[in-house]
K.L.:
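This is the structure I want to talk about, given as structure tokens.
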2 protein chains.
Amino acid sequence: MNLRELSDLLGLSPTTVSRALNGYPEVRAETRARVAEAAAKHGYAPNFQAKKLATGRSMSIGHVVPTSRHEMINPIFGDFIAGAGETYSKRGYDMVITVVEDDGEEAAYRSIHSQHKVDGIIVHGPRQDDPRVPLLNALGVPYLVHGRVAEGETGYSWLDINNKRAFERATNLLLDLGHRRIAFLNGLENMHFAQRRRVGHEIALTERGVPVDPEILFAEEMTEPFGYETTRRLLAAPNPPTAILTSSLITAMGVSRALSEMGLQLGRDISVITHDDELSFLPNAGDVPLFTCTRSSVRAAGSRVAELLIDLIDSEEKAHVSELWECQLTLGRSTGPAPT
Amino acid sequence: MNLRELSDLLGLSPTTVSRALNGYPEVRAETRARVAEAAAKHGYAPNFQAKKLATGRSMSIGHVVPTSRHEMINPIFGDFIAGAGETYSKRGYDMVITVVEDDGEEAAYRSIHSQHKVDGIIVHGPRQDDPRVPLLNALGVPYLVHGRVAEGETGYSWLDINNKRAFERATNLLLDLGHRRIAFLNGLENMHFAQRRRVGHEIALTERGVPVDPEILFAEEMTEPFGYETTRRLLAAPNPPTAILTSSLITAMGVSRALSEMGLQLGRDISVITHDDELSFLPNAGDVPLFTCTRSSVRAAGSRVAELLIDLIDSEEKAHVSELWECQLTLGRSTGPAPT
DNA sequence: CCTGTTCCTCAAAGCGCTTTGAAAAGCTGC
DNA sequence: GCAGCTTTTCAAAGCGCTTTGAGGAACAGG
């Protein structure tokens, strides 16, 4: 069933039917009702491709996901997508995901744009000096970065959490509890968020006059074994830390596994603070959660990022927007005073 | 830059340019080369919407993801999508994801179809007697189910792992090791895969004359706390199990956490076998992995599912296809003889 | 030099919708 | 009853591509 058939059926012109369905004012209420009813009855829905072509809007948002980078699919991806997807369905947009090999990333952005596949793009996992920002600026597509790129850069829109502040606070908490030797299991530091977390951590240490020991700073893919193995190694070596900071709950679970295998108690023998993205399958919940954490929902971020981007697309003036979210610092059972 | 502009530039007709670009034989090799070069030089790419409209093919595959069901975004989603996405980019398809509230699921499938948004659909997380199978059959869209629905049903295409066999083998291994009291922490049993796993488990028990005790069979969302809390409860109760079977590595990690907290050693005091989807962020790897597991890559499944569906779309005769993958049973350090 | 082939190129008609500009219909008031 | 409005409806022109059916060019054979 297409527009023409429906309009023939009703004895109206396609124009009138189209207008009735799209809420234009030039249609009598009664006619509109008749059209709506007939459309529902015959299961008519406009052909999306045709609509897109006619309006010039694709009503789709693109997400480009590089895949082979370390073969690690970010576990937060699912929750982020769920959040974004909610917004999309509310606002009538589709989500188009392009999975691409690392080296095809730029080409993917270019082709997605030149083919008019999307009205806007969301940039995932920004690195320091991410080349995608100048690229997308050059292409002139509306886009929004989940996270940020290098400090100086201002010519783009973003939503980020205050990674620096969160890890500064977390480190301060550990210092307040008397810890002086704090290991940090960070994500890969070419990622902007990891960079900022490290900066926050070091600022806190430096302000208290605690030396930064690069020997106990690690930056890797945030897997469970990373937490496990690093912890085992750290605690077997001389001068082990009394506290561990991790960038991911998954890594923290690895830390926890190592500790209990070694007969050490979380929060008594070793304190741990982790960042918690509030992933649906890894709740760190309860009145007193297991892990003390810096916390921010990545699902909520996904939802908001999508909203901001759509607003950006709809709005005429193309000013840049940005939002910086503070994390909660939530006390759990994994922190306690440094053992003496 | 559009077709007309490019053809004017070249002094050719749009037809010739289109044919040259799409590999039709009616174009001289030299002309074709000239066109290709000009297209590359001016960054011309056909407008996707127009192409879709003209060809009647959307070159997109739809994924409908229900979101609010228990607020749990399946952690395997990311890896599955990564696998599927690889196939799509190889074969020139786009992936369109629609996130939808539980009760809007049927409407989502209908609208996606009537709007001609996709050429095919992948069905995630099939339940027993899933209503989507008859719905999609009625709509007449090509689709493929990742998993299966009720036993009798044959009128659909699917790719699944042999859940029953895998859990039968896992249970048999535990029985061989002398375990007689085996707890099973399964996924929600309205899901087909969970159903089959339970059947496999019970068959193994029954064949050996070991009674099935419903008191130690659990079926919940496969989170980490589910594993943790259930294990604590089980081991505190009288007549605790000597082995635990779980449907997810995430749950198994909860089990492991509970065990070590209680001073019990995995593989010595309590044996654990889990299913392992080979998620990128939760590797259970190494020569001797931590967990003994039934194993099958969900990423590979995603890739293959996409392939099968595209073949289905391309092929003329609409016969049903299906693939049943056997899981590997990999020995790790989490299993050992039952304590006497 | 003309006709018959083969090879290449083209004009034009769609695909199904939106939207512009115009016409028809329905009112009002003189 | 008609000019002047407003309200409702319509025909037709795109949107940018593919594809059909036909024409032109080049070439060989008679």
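Letters A, B, ... mirror the listed sequences (proteins, then strands); counts begin at 1.
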K.L.:
Check the distance between dA11(C)'s C1' and Leu3(B)'s CG and give it to me in whole angstrom.
P.N.:
14 Å
K.L.:
How long is the straight-line distance from CG of Leu312(B) back to CG of Asp119(B), given to the nearest 0.5 Å?
P.N.:
12.0 Å
K.L.:
Provide, to the nearest angstrom, the distance between the NZ atom belonging to Lys51(B) and the C1' atom belonging to dT19(D).
P.N.:
13 Å
K.L.:
Classify the ring geometry of Tyr88(A) against Tyr93(A): parallel below 30°, tilted from 30° to 60°, perpendicular beyond 60°.
P.N.:
tilted
K.L.:
Taking the side chain as every heavy atom from C-beta outward, state whether Trp158(B) and Val305(B) have any atom pair closer than 4.5 Å.
P.N.:
no
K.L.:
Could you tell me whether Arg57(B) atom CZ has more than 12 heavy atoms of other residues or ligands within 6.0 Å of it?
P.N.:
yes
K.L.:
Which value, rounded to the nearest 0.5 Å, describes the distance between Tyr109(B) atom OH and Leu139(B) atom CG?
P.N.:
10.5 Å
K.L.:
Could you check Arg299(A) against Glu86(A) for salt bridge (Lys or Arg N to Asp or Glu O under 4.0 Å), going step by step and ending with a plain yes or no?
P.N.:
CA-CA 10 Å; Arg299(A) 180 168 176 163; Glu86(A) 266 171 22; 2.3 Å; yes
K.L.:
Please report the distance, rounded to the nearest Å, between CG in Asn22(A) and C1' in dT18(C).
P.N.:
8 Å
K.L.:
Measure from the side chain of Asn2(A), starting at C-beta and using heavy atoms only, and say which of dG16(C), dC15(C), dT18(C) lies closest.
P.N.:
dG16(C)
K.L.:
Over all strands shown, is Phe48(B) touching base, sugar-phosphate only, or nothing at heavy-atom distances under 4.0 angstrom?
P.N.:
nothing
K.L.:
Whole-Å distance between dG16(C) P and Arg57(A) CZ?
P.N.:
23 Å
K.L.:
Show the distances under 3.5 angstrom between N or O atoms of the protein and N or O atoms of nucleotides 7-10 of chain C.
P.N.:
unit_1, atom_1, unit_2, atom_2, d
dT9(C), OP1, Arg28(B), NH2, 3.2
dT9(C), OP1, Thr31(B), OG1, 3.2
dC10(C), OP2, Ser13(B), N, 2.7
dC10(C), OP2, Ser13(B), OG, 3.2
dC10(C), OP2, Thr16(B), OG1, 3.0
dC10(C), N4, Arg19(B), NH1, 2.8

K.L.:
I'd like to know if Glu37(A) pairs up with Lys41(A) as an ion pair, taking the criterion as any Lys NZ or Arg NE/NH1/NH2 lying under 4.0 Å from an Asp or Glu carboxylate oxygen.
P.N.:
no
K.L.:
Separation of Lys117(B) atom NZ from dC15(C) atom P, in whole Å?
P.N.:
23 Å
K.L.:
Nearest whole angstrom, please: distance from the P of dT9(D) to the OH of Tyr24(A).
P.N.:
16 Å
K.L.:
May I ask you to evaluate whether Tyr44(B) reaches the phosphate of dC17(D), defined as a side-chain N or O under 4.0 Å from OP1 or OP2?
P.N.:
yes
K.L.:
Between Glu5(B) (CD) and dG16(D) (P), how many Å, whole number?
P.N.:
8 Å
K.L.:
Select from Arg4(A) and Arg4(B) the residue whose nearest nucleotide in DNA chain C is closer to the 5' end of that strand.
P.N.:
Arg4(B)
K.L.:
Whole Å only: how far is the CG atom of Asn47(A) from the C1' atom of dC17(C)?
P.N.:
8 Å
